[in-house]
Amino acid sequence: MGRPRAVAPAREGPLVAQVFAELADGRFHSGEELAQALGVSRSAVWKAAGNLRELGATLHAVRNRGYRLVQPTEPLRAARIREHLSREARARVSRLETAWTIDSTNSVLLSRANPRPGASEVLLAEVQTAGRGRRGRSWLAPPGGAICLSFSWTFREVPPELGALGLVIGVCLLRALRSLGLKDAGLKWPNDLLVQGRKLGGVLIELRAEASGPACVIIGVGLNVALGAQVLKQIAATGIEATDLSAAGLGDTGRNRIVAAVVSECLAGLAVFERDSLKPFLEEWRRADALAGKPVNVSGAQGSAKGFARGIDVHGALLLETPQGVQRFISGDVSVRPAVTA
Ligand code: BTN
């Protein structure tokens, strides 16, 4: 496991983090004003603004007016997240940190000891230098324009339907975002969040288990909030059409509130899943199924196949209707095939 890793809070981050926090209101701030507020030279501010751009932030610089973040945002703050947590989640969260930069929030939690059963450690980063997606892909997120969140949970023993945990988290994410006003969102098996066929967020679950005994999962959630043209283009180059909460009408909801809603719903869902398994989530997942009836390609450990998506079975496996009959997939990747016109 290596040494457990500590992280520096976002508030005390490097100059680039402080410049980001000053610019978060989306207004113009002159180089002079920023330099004075932060006790550094104007050229140091200029350099930090350049760093922010390299990290994917969309920054306007206008002569005689200064710098402006095109998309105003709310810096991630642990205290603000705690304020918005449900009472149950507040009691369960044993540690909650927001960092400016980390390689991957999942990797840091993986390096730490298991939380006690029923409790959770929560970690967020404004910038991930090696953010990880499913199936070895990387995860791109600009500072201020996304939520990169991981939390841990220790099951007293390995749950029988652990492989379907991603579906449970998908349902919890939907519940959280709907409670904030998101409409028309769906789930793409196994656990992508979609709005109008585009990817709004994804989940990466990693497991640390002993042969018999407790099993700790690290659940990583990436949510697009306001990606900006540059990052949207970078993601499109990887073959994924992404969207964000701003395009879906939730642009004015502060990120700390969104994080709190997500953590509150997920921790409540984990407790239910630990007690009652997958059953309490199945119908809700099926109602949100964005693939149902669509022509798809599936590629997984069991090979690849073409057919029509026919929902999930009671264990959360994807059912694919093929000319050879219905095939079951317990893991894999799905892409929708363009409709064939006569
Ligand atoms: C996917 O491929 O859809 C899953 C994306 C998961 C990304 C999140 S961001 C926070 C956490 N840390 C990581 O490195 N990955 C997950």
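Counting starts at 1 for both ligands and their atoms, following the listed order. Residues take their numbers from the sequence shown, with the count starting at 1.
- Taking atom 5 (C) of ligand 1 as the reference point, the nearest protein heavy-atom neighbour is Trp139 CE3, 3.4 Å.
- Heavy atoms of Gln128 come nearer than 4.0 angstrom to ligand 1 in at least one pair.
- Although no hydrogens or angles enter the test, the distance criterion places no donor-acceptor pair under 3.5 Å between the side chain of Ser246 and the main chain of Gly251.
- Proximity of Val221 to ligand 1, defined as any heavy-atom pair under 4.0 Å, is confined to the backbone N, CA, C and O atoms.
- Relative ring orientation between Trp100 and Phe20 is described as tilted, the plane-to-plane angle lying within the 30° to 60° band.
- Criterion: ILVMFWY side-chain heavy atoms under 4.5 Å apart, direct or through other members. Under it, Leu320 and Leu167 are part of a common hydrophobic cluster.
- A donor-acceptor pair under 3.5 Å links the side-chain atoms of Thr154 to the main chain of Pro115, judged by distance alone.
- Taking a cut-off of under 4.0 Å to the non-hydrogen atoms of Asp192, the atoms of ligand 1 that pass are 3 (O).
- Counting heavy atoms closer than 4.0 Å to ligand 1, residue Arg137 contributes nothing at all.
- In the model, Ser107 has a side-chain atom that pairs as donor or acceptor with a side-chain atom of Arg132 under 3.5 Å.
- Summary of contacts: the protein heavy atom closest to atom 11 (C) of ligand 1 is Thr105 OG1, 3.3 Å.
- A donor-acceptor pair shorter than 3.5 Å can be found between the side chains of Arg208 and Asn114.
- Close approach of ligand 1 to Val203 is summarised as follows: ligand atoms under 4.0 Å from at least one heavy atom of the residue are 3 (O), 4 (C).
- Among all non-hydrogen protein atoms, the one lying nearest atom 15 (N) of ligand 1 is Arg132 O, 2.7 Å.
- By the 4.0 Å heavy-atom criterion, Lys199 is counted among the residues contacting ligand 1.
- Shortest contact from atom 2 (O) of ligand 1 to any protein heavy atom: Arg134 N, 2.7 Å.
- Grouping the Ile, Leu, Val, Met, Phe, Trp and Tyr side chains by contacts below 4.5 angstrom, directly or via other members, places Val171 with Leu223.
- Each of the atoms 14 (O) of ligand 1 lies under 4.0 Å from some heavy atom of Gly131.
- Close contacts between ligand 1 and Ser150 involve ligand atoms 11 (C), 12 (N) [criterion: under 4.0 Å to a heavy atom].
- Note on Leu187: it clusters hydrophobically with Val296, by side-chain heavy-atom contacts below 4.5 Å among ILVMFWY residues.
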